[in-house]
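Here's the structure we're looking at; comments come further down.
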Amino acid sequence: MAARRISSLLSRSLSASVLLSPARNISRGKAIHKFSTAAAVENVIIPEVQINYTQHLINGKWVDSASGKTFPAYDPRTEQVIAHVAEGDAEDINRAVAAARKAFDEGPWPKMTPYERSMILLRFADLVEKHNDELAALESWNNGKPYEQAAKAEIPTLARLFRYYAGWADKIHGLTLPADSEHHVQTLHEPIGVVGQIVPWNFPLVLFAWKVGPALACGNTIVLKSAEQTPLTALYAAKLLHEAGLPPGVLNVVSGYGPTAGAPLASHMDVDKLSFTGSTETGQIVFELAARSNLKPVTLELGGKSPFIICEDADVDKAVELAHFALFFNQGQCCCAGSRTYVHERVYDEFVEKATARALKRVVGDPFKKGVEQGPQIDTEQFEKILRYIRSGIDSDAKLECGGDRIGSKGFFVQPTVFSNVKDDMLIAQDEIFGPVQSILKFKDINEVIRRSNTTKYGLAAGVFTKNIDTANTLSRALRAGTVWVNCFDVFDAGIPFGGYKMSGMGREKGIYSLNAYLQVKAVVTPLKNPAWL
């Protein structure tokens, strides 16, 4: 549902144009269009929203860090500081975990009826809709994503997801089981306890909903660490949850860096469950910390290098648009981005030509301006990483069809970039770039593309574009990925589970499957005396 809205936003902006400078020669004599600096931000729009929440939220109160330290939150359009946020460390995590533990062991939240918990979640969803514009403005200001995308798709998705989990709160129950002897057997589904959650910077509020929603519906208490790049909206959303009636200590939010706040949370002995979304490399560290401490169960939603397969029967114009969306959406900063575009050899040349033309029309600029499709990357680190991968692609003899450079001299803007003649052994075809870089590869037949698509350490998602139902069925069953989108991409309805195979993680977010991660199953066995039946 959200993805359909996002797709419509994308299509509405197709008529917008971007100024191009004349072609220039770059790397081995290839003629490349370079985006004009006119596409970059010159006079930025300052959003009409106040940054009111920069402290930690612990036990229902706004508090400074124990150390008194703060860290800067930036506007990626200008590279300027927009707020100073409390910098959490182990002591702040300890305080937050203690508050969550007391709220779980002694507080009213787990003892409320499921219906009462659901009503609080529903009131929160209403408040999200009321404050949609402020939340969207903060999200875009601190993250760089287009305001239209945040306001019309992501914030409504936040409300939708909490309504979905509110509906689950009073439908969580165990079973009565037959026994081979004279015993009554039942299972209880109990909240797991204190949950630690670490959310990423690319979709701060959507991932807030993916994690906080099911944990609260199941009756748990939470310590959430936001990404240091995007701490502002999690604090605002947590404030709204308390306004909706959430008791103190049930949701605690600590801002800070991974090594000094995330690691203490992952290794805390009084945290019963951990959920992490981020890179595969950091996920391995988090998993080890959880195992070495109290062997807490962990849900990991990690990196991806998703194949997007365009078959020979495809409508090329539609395939170009969908493949463009699958890769460039959210500045390419999407774990499931269709970043390996496999195109059948019969339509390859036509596809490359049209994909290049589409990328050259992509509107890059201030995300608060109407019609802008692509804002800046999140920060210096990600910006420089993307440019290194682009240089790697050029050095590996992939053909740079367009883009390949930054836009302007200020802000983290990268030209929409397209490579053709990409080979599987190139870094741009193997590594998660997390940026606006499309790699187009050629294939001959279905068996070949299945083998090549699965030859990766990742298995988060995949896309298939075909008119043939048999081809779609063959590919969707053969691809080793947690989600396969057929003739669509990035459809993230609340009930659809999301998670990966292999090094893309373990466990599932969203839908009924996500509830299992926040529940303990207890078997209760009672003798029966002279039962009338068994």
Side-chain angles (χ1 to χ4, degrees), residues 100-125 160-197 209-222 244-247 249-251 270-275 290 294-301 482-483 493-499 501 505-534:
R101 174 56 61 193
K102 184 175 181 181
F104 185 77
D105 290 346
E106 304 173 20
W109 184 249
K111 300 177 181 64
M112 283 185 182
T113 66
Y115 176 74
E116 290 174 313
R117 289 201 298 268
S118 74
M119 293 305 295
I120 291 174
L121 300 185
L122 290 171
R123 283 197 294 271
F124 170 68
R160 171 68 181 100
L161 283 161
F162 268 86
R163 289 198 175 100
Y164 175 83
Y165 285 113
W168 268 114
D170 60 357
K171 299 169 187 67
I172 297 168
H173 57 79
L175 301 171
T176 300
L177 306 173
D180 292 337
S181 55
E182 295 182 353
H183 292 87
H184 174 77
V185 181
Q186 62 178 327
T187 59
L188 303 177
H189 291 184
E190 302 179 344
I192 201 166
V194 175
V195 175
Q197 299 180 328
W210 285 18
K211 296 186 186 298
V212 173
L216 291 182
C218 293
N220 298 286
T221 59
I222 301 168
L246 195 71
V250 174
L251 173 63
D270 208 21
V271 171
D272 302 306
K273 157 74 185 177
L274 191 68
S275 180
N294 59 345
L295 206 61
K296 60 179 72 66
V298 182
T299 299
L300 298 172
E301 196 265 282
T483 300
D493 286 18
I496 302 174
F498 186 77
Y501 288 24
M506 58 183 69
R508 293 293 182 268
E509 308 267 19
K510 299 194 295 113
I512 187 173
Y513 297 93
S514 65
L515 301 173
N516 297 333
Y518 297 104
L519 295 167
Q520 286 280 24
V521 178
K522 177 185 289 182
V524 179
V525 183
T526 308
L528 293 173
K529 187 174 182 180
N530 300 322
W533 53 268
L534 288 174

Between [X] and [Y], which heavy-atom pair has the shortest distance, and what is it?
| X | Y | value |
| --- | --- | --- |
| L534 | S181 | CD2-O, 3.9 Å |
| Y165 | A209 | CE1-O, 4.2 Å |
| R508 | Y513 | CB-CB, 4.0 Å |
| V271 | N294 | O-ND2, 2.9 Å |
| L519 | P191 | CD2-N, 4.2 Å |
| D170 | Y115 | CB-N, 4.3 Å |

Measure the shortest side-chain to side-chain distance between [X] and [Y] over non-hydrogen atoms and say whether it is less than 4.5 angstrom.
| X | Y | value |
| --- | --- | --- |
| P247 | M112 | yes |
| N516 | H189 | no |
| Y518 | S275 | yes |
| H184 | T176 | yes |
| F124 | L216 | no |
| C218 | I192 | no |

Going from [atom1] on [X] to [atom2] on [Y], what distance comes out if it is rounded to the nearest 0.5 angstrom?
| X | Y | atom1 | atom2 | value |
| --- | --- | --- | --- | --- |
| L528 | H183 | CG | NE2 | 7.5 Å |
| F104 | I222 | CZ | CD1 | 11.5 Å |
| R123 | S118 | CZ | OG | 9.0 Å |
| L274 | L300 | CG | CG | 7.5 Å |
| M506 | E301 | CE | CD | 12.5 Å |
| D272 | K296 | CG | NZ | 8.5 Å |

Donor-acceptor pair, distance only, cut-off 3.5 Å: does the side chain of [X] make one with the backbone of [Y]?
| X | Y | value |
| --- | --- | --- |
| R101 | D270 | yes |
| T187 | L175 | yes |
| R160 | A494 | no |

Problem - Within 6.0 angstrom of K171 NZ, more than 12 heavy atoms from elsewhere - result: yes

Practice task
Would you tell me whether K273 and T299 have side-chain atoms, one donor and one acceptor, within less than 3.5 Å of each other?
Solution key: yes

